[in-house]
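Before any comments, here is the structure.
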Amino acid sequence: MSMEAVGCIGCGRMGGALLSGWAMHARGACVLCGFNRSPGPMADLVAKGIRAMPDAVSLVRECRIVIVAVKPHQVEEVLGSVRDALTADKVVVSVAAGVTLEQLGDAVGGRCAVARCMPNTPALVGQGVFALCLDRVPSQDDRSELVALFGRLGMSLVLPEGRFAAFSALMGAGPAYVFAMMQGLVQAGVTLGFPHAQSRAMVTALFQGASAMAAESSAPLHQMRDDVCSPGGLTIAGVNHLDRCGLTGILVDAVLAADAKGRAMEAPTGR
Ligand SMILES: NC(=O)c1ccc[n+]([C@@H]2O[C@H](COP(=O)([O-])OP(=O)(O)OC[C@H]3O[C@@H](n4cnc5c(N)ncnc54)[C@H](OP(=O)(O)O)[C@@H]3O)[C@@H](O)[C@H]2O)c1
């Protein structure tokens, strides 16, 4: 059986990160190809074993799964330029924010399956969370293959397109919430006299360690939090302050505010 060929048109930050991630985590499972308008990003990718294609049409002819990672306003033109090379067995996956399945279907002239993928920025370091909308991918084998392919770079989940706004508010914006919390703790460390770099390194390790514990355990998070608080100890003093300030409610409200903004931006009057 021949290996699956996966190609990416647009090899900037996101396209380059996807190809680099697959070069590391899907080696042997697929052939990887890339085409970028300016040749700049390709040298690094070629060094990782990715084939640089001479143009987008050659890439589409070579690859069955075609990722499109150009800016949203460039998607229609790029797909229009390769439309004649698209055959019914191909699957086009766009990572462009806000470009709908309907727009993708129109751009490929209905010639092949189309899918949307919404990554978050940790995808740039191979630890993303990917929402996939596969409503216009009729083959179950193709659906499973896409979930597995993106799952090699973190977590992939299938969502209806109508849930993409909520996903963006929680997971797309999520790194900003986490960085804000990290910033506060780093600042606290500096206030207590730790050099900034040391404080940042410790806080980064704290988030990694706590995330690993949460991922491994099935205990409720509030119980994990309580387990750290010795009776009469210093942790409960800090946690009481968080509760008085309503940290949990603040986080819920932040996500709801982002969701409301996302919906307003999607509404015709919000454009
Ligand atoms: N970066 C993120 O964190 C992130 C997160 C979620 C979604 N996304 C989505 O990912 C997409 C790409 O974003 P990005 O941040 O990776 O942007 P980027 O770094 O600017 O990359 C886009 C790349 O596409 C290339 N390109 C433009 N037109 C092309 C064409 N006709 N043929 C081949 N290549 C072409 C550009 O090449 P030139 O250098 O020649 O212009 C550039 O290298 C966007 O649609 C964005 O919505 C990105």
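We count ligands from 1, going down the list as the structure has it; atoms in each ligand are counted the same way. All values derive from a computational prediction rather than experimental measurement.
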Quick one: which of [options] has a heavy atom closest to [atom]?
atom: atom 42 (C) of ligand 1; options: Val99, Val68, Asn36, Leu18; answer: Asn36
atom: atom 41 (O) of ligand 1; options: Arg37, His73, Met14, Glu77; answer: Arg37
atom: atom 6 (C) of ligand 1; options: Pro119, Gly10, Cys117, Ala97; answer: Pro119
atom: atom 21 (O) of ligand 1; options: Gly40, Ser94, Cys11, Gly12; answer: Gly12
atom: atom 27 (C) of ligand 1; options: Lys71, Met53, Gln74, Met118; answer: Gln74
atom: atom 40 (O) of ligand 1; options: Gly98, Ser38, Gly15; answer: Ser38

**Request:** Check each atom of ligand 1 against the heavy atoms of Ile9 and keep those under 4.0 Å away; list them by number with element.
**Result:** 32 (N), 33 (C)
**Contacting atoms of ligand 1, where contact means under 4.0 angstrom from a heavy atom of Pro72** = 44 (C), 45 (O), 47 (O)
Students should be able to answer this: which protein heavy-atom is nearest to [atom], and at what distance?
atom: atom 45 (O) of ligand 1; answer: Val70 O, 2.6 Å
atom: atom 9 (C) of ligand 1; answer: Val95 O, 3.2 Å
atom: atom 22 (C) of ligand 1; answer: Ala69 O, 3.5 Å
atom: atom 1 (N) of ligand 1; answer: Arg13 NH2, 3.1 Å
atom: atom 32 (N) of ligand 1; answer: Phe35 CE2, 3.5 Å
atom: atom 31 (N) of ligand 1; answer: Val78 CG2, 3.4 Å
atom: atom 3 (O) of ligand 1; answer: Thr121 CG2, 3.2 Å

Is it the case that atom [atom1] in [X] sees more than 12 heavy atoms from other parts of the structure closer than 6.0 Å?
X: Met224; atom1: CE; result: yes
X: Phe194; atom1: CZ; result: no
X: Phe207; atom1: CZ; result: yes
X: Arg225; atom1: CZ; result: yes
X: Glu76; atom1: CD; result: no

**Asked** Taking Leu251 as the fixed residue, which of Asp253, Leu247, Val255, Thr248 is the one that meets the side chain to side chain contact (heavy atoms under 4.5 Å, CB included) rule?
**Response** Leu247
**Request:** Kindly assign one of parallel, tilted or perpendicular to the pair Phe150 and Phe130, based on the angle between their ring planes and the thresholds 30° and 60°.
**Result:** tilted
**Request:** Using a 4.5 Å cut-off on heavy atoms from C-beta on, say whether the side chain of Ile67 contacts that of Trp22.
**Result:** yes
**Request:** Please lay out, stage by stage, how Asp44 and Lys48 fare under the test salt bridge (charged side-chain N to carboxylate O under 4.0 Å, His left out).
**Result:** CA-CA 7 Å; Asp44 254 11; Lys48 293 174 183 168; 5.1 Å; no
**Prompt:** Do Arg116 side-chain atoms and Thr100 backbone N/O form a donor-acceptor pair below 3.5 Å?
**Reply:** no
